[in-house]
Amino acid sequence: MLKIPWTAKKTNERVLQEAQSKRSLLDKIRKRQATFFGHIMRQEKLENLLITGMMTGRRCRGRQREKLTDGMAKWLGMGSGVAMLQKTKMRQEWRRLIANAMEQGT
């Protein structure tokens, strides 16, 4: 489209700016993750326990993995995961929060 040679030292972000486009696939993935996360958090089932970390047992050795809740709170611009979990209980506010994050494009 832009006839940029493969030897050109341009970042992906710069190419997207030149094409006047943005990363739509990543936005779609994040939106679907957020809607699924809200769906799971409104239910009181096993998946809810797994995501919130309420399961009993021992952790694995090594570095702790990044939690889904931490990544979601960072993307939505919320300080803590606790406030985010409370927002999931109110469906309309949760949808509004996702829409605002999509507009900001973070």
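Residue indices begin at 1 and follow the sequence shown. Keep in mind the model is a prediction, meaning the values are calculated, not measured.
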R95: what forms a salt bridge (Lys or Arg N to Asp or Glu O under 4.0 Å) with it, not counting sequence neighbours?
none
Is the count of non-hydrogen atoms from other residues, nucleotides or ligands lying under 6.0 Å from R91 atom CZ greater than 12?
no
Between atom NZ of K28 and atom CZ of R32, what is the distance when rounded to the nearest 0.5 Å?
7.5 Å
Before you tell me yes or no, could you show the steps for M78 and L97 under side chain to side chain contact (heavy atoms under 4.5 Å, CB included), namely the whole-Å CA-CA distance, both residues' side-chain angles and the distance that decides it to 0.1 Å?
CA-CA 10 Å; M78 301 195 76; L97 192 65; 3.5 Å; yes
Which ILVMFWY residues can you reach from L25 by hopping between side chains whose heavy atoms are under 4.5 Å apart?
I29
State whether the number of non-hydrogen atoms from other residues, nucleotides or ligands found under 6.0 Å of K10 atom NZ is greater than 12.
yes
How many angstroms lie between atom CZ of R96 and atom NZ of K87, to the nearest 0.5 angstrom?
8.0 Å
Residues joined to L26 in its hydrophobic cluster, side chain to side chain under 4.5 Å directly or through other members, sorted by chain and number, are none
Any side-chain to backbone donor/acceptor pair from W94 onto L85? Under 3.5 Å, distance only.
no
Taken to the nearest 0.5 Å, the spacing of M41 CE from K89 NZ works out to 7.0 Å
Polar side-chain atom of K74 near backbone of T69 as donor-acceptor pair, under 3.5 Å
no
NZ-CD1 distance between K45 and I40, expressed to the nearest 0.5 angstrom
8.5 Å
Kindly give the heavy-atom pair with the smallest separation between L76 and A101, and that separation in Å.
CD2-CB, 3.7 Å
Gap between atom CG of D27 and atom CE of M102 - 0.5 Å precision
4.5 Å
Please determine whether residues I98 and M90 belong to a single hydrophobic cluster, defined as Ile, Leu, Val, Met, Phe, Trp and Tyr linked transitively by side-chain heavy-atom distances below 4.5 Å.
no
Distance (rounded to the nearest 0.5 Å) between F37 CZ and R30 CZ
15.0 Å
